[in-house]
Amino acid sequence: MAFELPKLPYAYDALEPHIDARTMEIHYTKHHQGYTTNLNNAVKGTDLEGKSIEDILTNLDMDNKAVRNNGGGYYNHNLFWEVMSPDGGGKPTGALAEAIDKKFGSFEKFKDEFSTAAKTQFGSGWAWLSVKKGGEVHVCATANQDNPLMPGIGCCDNVTPILGLDVWEHAYYLNYQNKRPDYVEAFFNVINWDEVSKRYEANK
Ligand code: MN
């Protein structure tokens, strides 16, 4: 079965003023749709056809640029929409909050590290919070549409991303122009920590 563009879990304008409706609409209907279509074309008729996106990315041949770019783009945006909410913001609670405190010292220190990763990623890419089996959390950034599932990517090995922030200019330029740090700060107002916690529990 072909990969499908998942339904956006809120309206295009739901995350305003932090993410504007026009950016959201273009990002979802053009960029994410494009990765989805191109991924389907790239796996069609190969032995990757019919496999889950997680299976494909975890065992990826990194020289397969079409699957690396479009499979990454498909997976990353699936996650990105789900970890934001119009009711988001605040801080995590429970086991995820404890894991963040244990690793970084405090939520504020985690926020600093994640924000720095997002702001200093040169060019296009993503910032990530991931979890390793055993419950330890990690922050890293990757270029283009790479992500921590991919082999040898330079994030901790054997981790599952539970929070991702798209820092491609297409994600913020209409509203923020060159001010990526303002976009990164605004993202913290829409993070759906309930969803991130669910993913932490499922993958720890
Ligand atoms: Mn994007």
- Task: Decide side chain to side chain donor-acceptor pair (under 3.5 Å) for Ser197 and Glu201; before the verdict, give the C-alpha distance in whole Å, the side-chain angles of both, and the deciding distance to 0.1 Å.
- Result: CA-CA 6 Å; Ser197 281; Glu201 294 294 338; over 6 Å; no

- Message: Go through it in stages, so that I can follow the logic: the residues are Ile100 and Leu96, the test is side-chain contact (heavy atoms from CB on, under 4.5 Å), and I'd like the CA-CA distance, side-chain angles, deciding distance and then a yes or no.
- Response: CA-CA 6 Å; Ile100 285 174; Leu96 174 58; 4.0 Å; yes

- Query: Can you check side-chain contact (heavy atoms from CB on, under 4.5 Å) on Val67 and Val43, steps first, answer last?
  - Reply: CA-CA 7 Å; Val67 174; Val43 301; 4.2 Å; yes

- Starting from the C-alpha separation in whole Å, work towards a yes-or-no answer on side-chain contact (heavy atoms from CB on, under 4.5 Å) for Ile53 and Leu39. CA-CA 10 Å; Ile53 189 60; Leu39 172 62; 3.8 Å; yes

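Pairs passing the ring pair (Phe, Tyr, Trp, His ring centres under 6.0 Å) check and including a residue from residues 38-68, sequence neighbours excluded, do not occur. A disulfide bond (SG atoms under 2.5 Å apart) check over residues 159-204, counting only residues at least two apart or in different chains, returns nothing. Among pairs with a residue in residues 160-169, those fulfilling side-chain hydrogen bond (donor to acceptor under 3.5 Å, both in side chains) read His27-Asp166, His77-Asp166, Asp166-His170, at least two apart in sequence or across chains. Identified under the side-chain hydrogen bond (donor to acceptor under 3.5 Å, both in side chains) test for residues 106-117, with sequence neighbours left out: Lys111-Glu185. Sorted by first and then second residue, the side-chain hydrogen bond (donor to acceptor under 3.5 Å, both in side chains) pairs involving residues 143-153 (not counting sequence neighbours) are Tyr35-Gln145, Arg68-Asp146, Asn76-Gln145, Asn76-Asn147, Trp126-Gln145. Sorted by first and then second residue, the pairs that involve residues 1-26 and meet ring pair (Phe, Tyr, Trp, His ring centres under 6.0 Å), not counting sequence neighbours, are Phe3-Tyr74.
Shown here are the salt bridge (Lys or Arg N to Asp or Glu O under 4.0 Å) partners of Glu98, two or more places apart in sequence or in another chain: there are none. With sequence neighbours left out, Tyr173 forms a ring-ring contact (aromatic ring centres under 6.0 Å, His included) with no residue at all. In this view, Tyr183 and Tyr172, Tyr176 satisfy the ring-ring contact (aromatic ring centres under 6.0 Å, His included) rule, not counting sequence neighbours. Residues satisfying the salt bridge (Lys or Arg N to Asp or Glu O under 4.0 Å) criterion with Lys103, sequence neighbours excluded, are Glu136. Taking Lys198 as the reference, Glu195 meet the salt bridge (Lys or Arg N to Asp or Glu O under 4.0 Å) condition, with sequence neighbours excluded.
Separation of atoms CG (Asn158) and NZ (Lys132) is listed at 5.5 Å; rounding is to 0.5 Å. Taking CG of Leu79 as the reference point, atom CG of Leu163 lies at 7.0 Å (rounded to 0.5 Å). Atom CD of residue Glu25 and atom OG1 of residue Thr23 lie 10.5 Å apart, to the nearest 0.5 angstrom. Here the CG-OG1 distance, from Asp194 to Thr93, works out to 6.5 Å after rounding to the nearest 0.5 Å. Note that CG of Asp157 is 11.5 Å distant from CG of Leu149, once rounded to the nearest 0.5 Å.
For Ala95 against Lys204, the heavy-atom pair with the smallest separation is CB-NZ, 4.3 Å. Considering all non-hydrogen atoms of both residues, Gly164 and Val83 come closest at O-CG2, 4.0 Å. Here the closest heavy-atom approach between residue Val159 and residue Pro148 is recorded as CG2-CB, 3.7 Å. Residues His32 and Pro6 come closest through the heavy atom pair CE1-CD, 3.8 Å. Taking each heavy atom of Trp81 and Met24 in turn, the nearest pair found is CZ3-SD, 3.5 Å. Looking at every heavy atom in both residues, Trp193 comes nearest to Gly89 through CD1-O, 3.4 Å.
When side chains are defined from C-beta on, Trp128 does not count as touching His138, because their heavy atoms never get closer than 4.5 Å. Using a 4.5 Å cut-off on side-chain heavy atoms (C-beta onward), Asn70 and Asn41 make no contact. Residues Lys119 and Val167 have side chains not in contact (no heavy-atom distance under 4.5 Å, counting atoms from C-beta outward). You'll find the side chain of Tyr200 stays beyond 4.5 Å of the side chain of Leu129, heavy atoms only. Between Ile19 and Met84, the closest side-chain pair of non-hydrogen atoms falls below 4.5 Å. A heavy-atom distance below 4.5 Å is not found between the side chains of Ser130 and Cys155. Put simply, the side chain of Ile153 reaches to within 4.5 Å of the side chain of Met62, judged on heavy atoms.
The aromatic rings of Phe110 and Phe107 lie tilted to each other, with the angle between the two planes from 30° to 60°.
For Lys102, the NZ atom is loosely surrounded, since the number of other residues' heavy atoms within 6.0 Å does not exceed 12.
Formation of a donor-acceptor pair under 3.5 Å by the Glu49 side chain with backbone atoms of Gly45 is found in this model. With hydrogens and angles ignored, the 3.5 Å screen pairs no side-chain donor or acceptor of Arg22 with any backbone N or O of Asn175. Remark: side-chain polar atoms of Glu16 are paired, donor with acceptor, to backbone N or O of Ala21 under 3.5 angstrom.
Within the hydrophobic cluster formed by Ile, Leu, Val, Met, Phe, Trp and Tyr side chains joined at under 4.5 Å, directly or through other members, Ile26 is accompanied by Leu174.
Residue Pro151 forms a side-chain contact (heavy atoms from CB on, under 4.5 Å) with just one option from Asn59, Thr58, Leu60, and that option is Leu60.
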